Novice: 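First the structure, which I've put down as structure tokens, then a few questions once you've had a look.
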Amino acid sequence: MVDPVTPPLVARHLVIDVPGRADGDALNLEVKAGQVWGVLGPNGAGKTTLLHTLAGLRPPRAGEVLLGEAPLASLRRREVARRLGLVFQERHDGFPSTVLETALIGRHPWLSPWQMEDGEDLRLAEAALKRLDVAHLAERLVSTLSGGERQRLAIATVLTQAPAIWLADEPTNHLDLHHQTAVMALLNELAAEGRSVMMCLHDLNLAGRWCDHLLLLYPDGQACWGPAQEMLVPEALERLYGQRLASAEIDGAPVFVAVS
Ligand SMILES: Nc1ncnc2c1ncn2[C@@H]1O[C@H](COP(=O)(O)OP(=O)(O)OP(=O)(O)O)[C@@H](O)[C@H]1O
């Protein structure tokens, strides 16, 4: 069921600030409840910069980001964190902490400054760890996890945060095929429940199978966006990546293979 009260994430005349690059096309789009957006583009095109700008972590060069009618810049950080979650591409260990303690950080936007997590917070964190198949690692130090286990913990932490809007920077990084599929299924399920998702992807085949909208970011700042089936045009993708592609349809979804 799509929850009609989840406000859209709106980019209005938005120009992201990629150092040394001309402005390119301003983005005018809405990521609505129930939608799953993929952001595609070659290395350095600005995908991470876009996600960080949409999350309010870096200012745009021009234009604005809104949550529904409210400019992101007018909202308090805690309010933003209750409504919007970001799965980062890069993670650095701070204090030594366990997997469960890390997942519980997702509850912080919901607690007052000196309030401790309670049983409900713990229940949410444990359910998220279980959903991401890392519950058996709950007492392990994060520093001992494999790359894929860390990635699943990062997603479990945002699941514990329970935002209506998910921004995910290459959420399938480090994941084996089974866990890639499980994570994409989870993000689709969250959208079907009324949340919205935007994720950066390098895998065209995941984009073709799991995203209903796509944003193509070109290295010169040009951009186009729309329903996935309109964006997954081989010629446009070949221009995007500077790479020849062969394509086919398998199991009802488009599949692309790079060819020399
Ligand atoms: N602080 C900075 N100073 C200078 N250049 C920067 C800075 N931050 C980002 N850039 C540059 O901005 C461009 C866009 O970076 P961004 O990380 O958004 O790209 P991306 O599309 O996510 O790339 P990738 O696919 O490699 O993850 C890159 O060329 C990057 O080197």
Side-chain angles (χ1 to χ4, degrees), residues 9-29 31 36-65 72-73 80 84-93 147-148 150-155 157-158 165-176 179-180 183-184 187 196-211 213-226 228 231-234 236-245 256-258:
L9 177 65
V10 182
R12 187 183 286 165
H13 309 305
L14 183 73
V15 178
I16 59 171
D17 192 16
V18 175
R21 188 169 83 183
D23 287 357
D25 296 327
L27 303 178
N28 282 293
L29 56 87
V31 182
V36 179
W37 283 68
V39 182
L40 301 177
N43 291 143
K47 302 179 296 297
T48 296
T49 304
L50 172 64
L51 248 54
H52 288 193
T53 306
L54 291 173
L57 299 180
R58 49 188 296 169
R61 189 180 292 172
E64 60 180 346
V65 179
L72 199 66
V80 174
L84 183 153
L86 175 61
V87 180
F88 286 89
Q89 187 183 67
E90 301 292 341
R91 281 173 286 278
H92 305 285
D93 294 337
R150 277 175 187 248
Q151 182 69 4
R152 274 143 54 208
L153 172 59
I155 296 166
T157 303
V158 177
I165 299 166
W166 279 65
L167 300 172
D169 201 347
E170 299 182 31
T172 55
N173 245 357
H174 301 293
L175 297 185
D176 62 57
H179 286 109
Q180 285 182 22
V183 161
M184 296 307 266
L187 294 174
S196 50
V197 178
M198 181 178 250
M199 63 182 123
C200 303
L201 287 171
H202 278 299
D203 187 329
L204 284 176
N205 298 327
L206 290 178
R209 183 161 293 270
W210 295 101
C211 296
H213 287 74
L214 292 174
L215 166 61
L216 274 47
L217 275 186
Y218 290 84
D220 61 359
Q222 282 189 355
C224 55
W225 58 89
M231 296 292 115
L232 289 172
V233 177
L237 297 173
E238 287 183 339
R239 188 168 83 78
L240 184 68
Y241 293 108
Q243 172 63 49
R244 217 156 66 78
L245 298 169
F256 299 90
V257 179

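Not measured: the values here are computed from a predicted model. Along the sequence shown, residues carry numbers from 1. First listed ligand is number 1; within each ligand, the first listed atom is number 1.
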Novice: Where is the tightest heavy-atom contact between Met199 and Pro171, given as atom of each residue plus distance?
Specialist: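 Looking at all heavy atoms of both residues, the shortest contact is SD-CG, 3.8 Å.
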
Novice: Would Arg61 and Asp23 pass as an ion pair if we require N to O under 4.0 Å?
Specialist: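 The answer is yes: the pair qualifies as a salt bridge.
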
Novice: Could you list, one pair per line, each nitrogen or oxygen of ligand 1 together with any protein nitrogen or oxygen closer than 3.5 Å, giving atom names and the distance rounded to 0.1 Å?
Specialist:
unit_1: ligand 1; atom_1: 18 (O); unit_2: Thr48; atom_2: N; d: 3.4
unit_1: ligand 1; atom_1: 18 (O); unit_2: Thr49; atom_2: N; d: 2.9
unit_1: ligand 1; atom_1: 18 (O); unit_2: Thr49; atom_2: OG1; d: 2.6
unit_1: ligand 1; atom_1: 19 (O); unit_2: Gly46; atom_2: N; d: 3.4
unit_1: ligand 1; atom_1: 21 (O); unit_2: Ala45; atom_2: N; d: 3.1
unit_1: ligand 1; atom_1: 21 (O); unit_2: Gly46; atom_2: N; d: 2.9
unit_1: ligand 1; atom_1: 21 (O); unit_2: Lys47; atom_2: N; d: 2.9
unit_1: ligand 1; atom_1: 21 (O); unit_2: Lys47; atom_2: NZ; d: 2.8
unit_1: ligand 1; atom_1: 22 (O); unit_2: Thr48; atom_2: N; d: 2.9
unit_1: ligand 1; atom_1: 22 (O); unit_2: Thr48; atom_2: OG1; d: 2.9
unit_1: ligand 1; atom_1: 23 (O); unit_2: Gly44; atom_2: N; d: 2.9
unit_1: ligand 1; atom_1: 25 (O); unit_2: Asn43; atom_2: ND2; d: 3.0
unit_1: ligand 1; atom_1: 25 (O); unit_2: Lys47; atom_2: NZ; d: 2.7
unit_1: ligand 1; atom_1: 25 (O); unit_2: His202; atom_2: NE2; d: 3.0
unit_1: ligand 1; atom_1: 26 (O); unit_2: Asn43; atom_2: ND2; d: 3.0

Novice: Taking side chain to side chain donor-acceptor pair (under 3.5 Å) as the definition, give me every residue that meets it alongside Asp176, ordered by chain and number, with sequence neighbours left out.
Specialist: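 Side chain to side chain donor-acceptor pair (under 3.5 Å) check on Asp176 returns His179.
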
Novice: Using the test side chain to side chain donor-acceptor pair (under 3.5 Å), find all partners of Arg150 that sit at least two apart in sequence or belong to another chain.
Specialist: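 In terms of side chain to side chain donor-acceptor pair (under 3.5 Å), with neighbours along the sequence ignored, Arg150 is linked to Asp93.
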
Novice: Within this structure, what is the OG-CG distance for the pair Ser196 and Leu187, rounded to the nearest 0.5 Å?
Specialist: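 If I round to the nearest 0.5 Å, the distance is 11.5 Å.
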
Novice: Using a 3.5 Å cut-off and no angle test, enumerate the donor-acceptor pairs between side-chain atoms of residues 41-50 and protein atoms at least two apart in sequence or in another chain.
Specialist:
unit_1: Lys47; atom_1: NZ; unit_2: Gly41; atom_2: O; d: 3.0
unit_1: Lys47; atom_1: NZ; unit_2: Pro42; atom_2: O; d: 3.0
unit_1: Thr48; atom_1: OG1; unit_2: Asp169; atom_2: OD2; d: 2.7

